[in-house]
Protein chains: 2
Amino acid sequence: MSTKENILNVAQDLIQRRGVNGMSYQDLADAVGIRKASVHHHFASKSDMVAALLQRFNAQFDQAVAQIANGSASGRTRLKRYLDLFVNILEGSKLDKVCVCGVLMAEIASLDEQGIQHVRDFLHSNVQQVCKMIDAGIEDGSLAPNQTVAATADLVLATLEGGLLMARCDGGRKRMKTINDRLLGLLSSG
Amino acid sequence: MSTKENILNVAQDLIQRRGVNGMSYQDLADAVGIRKASVHHHFASKSDMVAALLQRFNAQFDQAVAQIANGSASGRTRLKRYLDLFVNILEGSKLDKVCVCGVLMAEIASLDEQGIQHVRDFLHSNVQQVCKMIDAGIEDGSLAPNQTVAATADLVLATLEGGLLMARCDGGRKRMKTINDRLLGLLSSG
DNA sequence: GTCTATATAGAGATAGAC
DNA sequence: GTCTATCTCTATATAGAC
C-alpha cells in the first residue's frame, strides 16, 4: 500500500473517532511512522487531505450501496442490508467509529466549500439510493406503500446518522441494531 | 445578566455552530467584550466551562420537555410539540445551530468523563420523556400501539439529532420539518 | 519521498497588578 | 472582576538538504 493511501486510512480512522478538529498532522505522522513534513508532501494542506479523503470515501461507499440497491433481493431486504452497513461502522471498540459524514456534518463550520460539497454529495447520493430501495420494496410488497418516498429516505438517513452518534455515546452496536430494527418495522408492510 | 451567564450564552451559541473544538477562549472573550484571562476567572478550564454549560442546558431543556410531556394534549400532539422544539433550534441563519448534545456526541472524544456523562444524561432523560409521550398516545389512541416503546423513543431521538445535522448541511428548516412530519406520520394511528 | 529545522500563529492556562 | 504580560504547548505550514 502506498504511503498516500496509508495516510488516508489513518486519517479516516481518526476522523471517525475524534473528528477533523481532533486530528493533527502529528497524529497522522505518528500513526504512519513518518514525519509531519512528509505528510505535507502528500497533502499540502489539511483541507486538501479532507477533500481527498471524502472523495475516496464517497466513491467507496457509493459502490457498496449501489451493490445493495441494485441487488435482486426484496426492497425490504435491500434496505435491511443498507442499515447493516451503518451498524458495521461500529466495531465495539472503546472510542468507537461513526460515519465520516456524520462527524463532518457536526464540524461543517471547519470545512471549506469543497469539503461541504462532498458532504452534501454523500447525503444526496445516499438519499437517492434509499429511494430506489423503498420504491422496489413498495413494488414487490415488502415495504408499506407511501406517497412520500423522498421524505422517508431522508428519515432513514437521519436515523442512521443520529443513531450512530447515540449508540457510540451510550449503548453501542446493540442500541444501533435496536433502532434499525424499529425503523425497518415501521417501514415494512403488514 | 451576569458576565458568567453571558459567557455561557456565547459559548452555547458557538458550540452549536462550530463545535467545542471550533471555539476558543479568545472567541468567547471577543464576543463578550472582555479578555481571555477574565474568562478563565469564571471558568478555570475549558472542560469546567463545558460541564457548566451542559448542566445548564440539560436543566433548561428538561424543563421545556417536561412542560410538553406533562401537558393535557393528546400523546400525538405532545410528540409533535417535542419535535418542534428541535426544528426551532434551526434559525435559518447561514451557519445554523444544531442541538448542543448532537454536536458533542460527534466530539465525544474531546470531552472528559464529566462531560460525557452530561451528554448521556441528556439522552437518557429525553428518551424517558419521549416514552411517556408515546405511552400517552397509545393510551388515548392518537399514536399506533407497539410493544417497543423504548426503541421507538430511541428512534425518535436519533432521527431528531441526525435530522438537524442533515438539515443544517443541506435543506434547512424545511427539510427538518419534512423529516419530522414523516416520522410523526409513521407513528400515528390510522 | 523523507528528513531536519524553522516560521508563524493560536491554543489553554497562570501570575500578579489594579 | 478585569486587566497586562507571559508561559508552554501544539497547530498548520514551508525551506531546503539528502
Side-chain angles (χ1 to χ4, degrees), chain A residues 1-54 56 95 103-104 106-116 118, chain B residues 1-54 56 95 103-104 106-116 118:
Chain A
M1 185 170 21
S2 74
T3 302
K4 200 161 182 169
E5 285 175 299
N6 213 333
I7 293 170
L8 287 181
N9 290 342
V10 170
Q12 183 172 325
D13 187 278
L14 287 177
I15 287 175
Q16 291 183 276
R17 295 183 200 281
R18 307 186 201 160
V20 223
N21 292 331
M23 174 215 66
S24 70
Y25 268 52
Q26 188 63 61
D27 293 328
L28 296 177
D30 291 346
V32 173
I34 54 177
R35 299 291 178 165
K36 270 195 300 180
S38 305
V39 180
H40 277 285
H41 170 76
H42 294 283
F43 302 101
S45 77
K46 198 173 180 180
S47 61
D48 285 345
M49 206 217 61
V50 171
L53 174 62
L54 285 175
R56 192 188 72 154
L95 185 69
V103 174
L104 295 192
E107 292 183 301
I108 199 95
S110 303
L111 302 183
D112 60 10
E113 264 309 317
Q114 194 182 11
I116 295 175
H118 281 307
Chain B
M1 185 173 17
S2 74
T3 302
K4 200 161 182 167
E5 286 175 299
N6 214 332
I7 293 170
L8 287 181
N9 291 341
V10 170
Q12 182 172 325
D13 186 278
L14 287 177
I15 287 175
Q16 291 183 276
R17 295 182 200 281
R18 307 185 201 160
V20 223
N21 291 331
M23 174 213 68
S24 70
Y25 268 50
Q26 188 63 61
D27 293 329
L28 296 177
D30 291 346
V32 173
I34 55 178
R35 300 291 177 164
K36 266 198 304 179
S38 304
V39 180
H40 276 285
H41 169 77
H42 294 283
F43 302 100
S45 75
K46 199 173 179 180
S47 61
D48 286 345
M49 207 217 61
V50 171
L53 174 61
L54 285 175
R56 191 187 72 154
L95 184 70
V103 174
L104 295 192
E107 292 183 301
I108 199 97
S110 303
L111 303 183
D112 60 10
E113 263 310 317
Q114 193 181 12
I116 295 174
H118 280 307

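All heavy atoms count here, side chains included; hydrogens, waters and symmetry mates do not.
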K.L.:
So, is A:S45 near the phosphate of D:dT12, with a side-chain N or O under 4.0 Å from OP1 or OP2?
P.N.:
no
K.L.:
In whole angstroms, how far is the C1' atom of C:dG12 from the CG atom of B:D27?
P.N.:
13 Å
K.L.:
Base, sugar-phosphate or nothing for B:M23? Non-hydrogen atoms, less than 4.0 Å.
P.N.:
sugar-phosphate
K.L.:
Find the distance A:D48:CG to D:dT12:P and express it as a whole number of Å.
P.N.:
13 Å
K.L.:
So which nucleotide from D:dA11, C:dG12, D:dG1 ends up closest to the side chain of B:H41?
P.N.:
D:dG1
K.L.:
B:R35 side chain: which of D:dT2, D:dC3, C:dG12 is closest?
P.N.:
D:dC3
K.L.:
When the distance from OH of B:Y25 to P of D:dT4 is rounded to whole Å, what number comes out?
P.N.:
18 Å
K.L.:
Of the options C:dG1, C:dG12, C:dC3, whose atoms approach the side-chain atoms of B:K36 most closely?
P.N.:
C:dG12
K.L.:
So B:E107 and B:L111, do their side chains get closer than 4.5 Å, heavy atoms only?
P.N.:
no
K.L.:
Given D:dT12, C:dG1, D:dC3, which nucleotide is nearest the side-chain atoms of B:I34?
P.N.:
D:dC3
K.L.:
How many Å lie between CD on B:Q26 and P on D:dT4, as a whole number?
P.N.:
11 Å
K.L.:
When you compare the side chain of B:N21 with that of A:R18, does any pair of heavy atoms fall below 4.5 Å?
P.N.:
no
K.L.:
Does any part of the side chain of A:N9, heavy atoms only, come nearer than 4.5 Å to the side chain of A:R56, both counted from C-beta?
P.N.:
yes
K.L.:
If only side-chain N and O atoms of A:S38 are considered, is one of them under 4.0 Å from the OP1 or OP2 phosphate oxygen of C:dG1?
P.N.:
no
K.L.:
Closest approach to the side chain of B:S24, judged atom by atom: which nucleotide of C:dA13, D:dT2, C:dA11 is it?
P.N.:
C:dA11
K.L.:
When you check the phosphate oxygens OP1 and OP2 of C:dT2, does a side-chain N or O of A:T3 lie under 4.0 Å from one of them?
P.N.:
yes
K.L.:
In whole Å, I'd like the distance from the CE atom of A:M49 to the P atom of D:dA13.
P.N.:
11 Å
K.L.:
Could you tell me the separation between the NE2 atom of B:H42 and the C1' atom of C:dA13, rounded to a whole number of Å?
P.N.:
16 Å
K.L.:
Could you check which of D:dT2, D:dA13, C:dT2 has an atom nearest any side-chain atom of A:K46?
P.N.:
D:dA13
K.L.:
Check the distance between C:dA11's C1' and B:R18's CZ and give it to me in whole angstrom.
P.N.:
14 Å
K.L.:
By nearest atom, which of the nucleotides C:dT2, C:dA11, C:dC3 is closest to the A:A37 side chain?
P.N.:
C:dC3
K.L.:
If I take atom CG in residue B:N6 and atom P in nucleotide D:dG1, what distance separates them, rounded to the nearest angstrom?
P.N.:
14 Å
K.L.:
From the list C:dG1, C:dA13, D:dA13, which nucleotide is the closest neighbour of the side chain of A:H40?
P.N.:
D:dA13
K.L.:
Test A:V10 against A:M23 for side-chain contact (heavy atoms from CB on, under 4.5 Å), laying out the working first.
P.N.:
CA-CA 10 Å; A:V10 170; A:M23 174 215 66; over 6 Å; no
K.L.:
So, A:N6 and A:T3: side-chain donor and acceptor under 3.5 Å apart, yes or no?
P.N.:
no
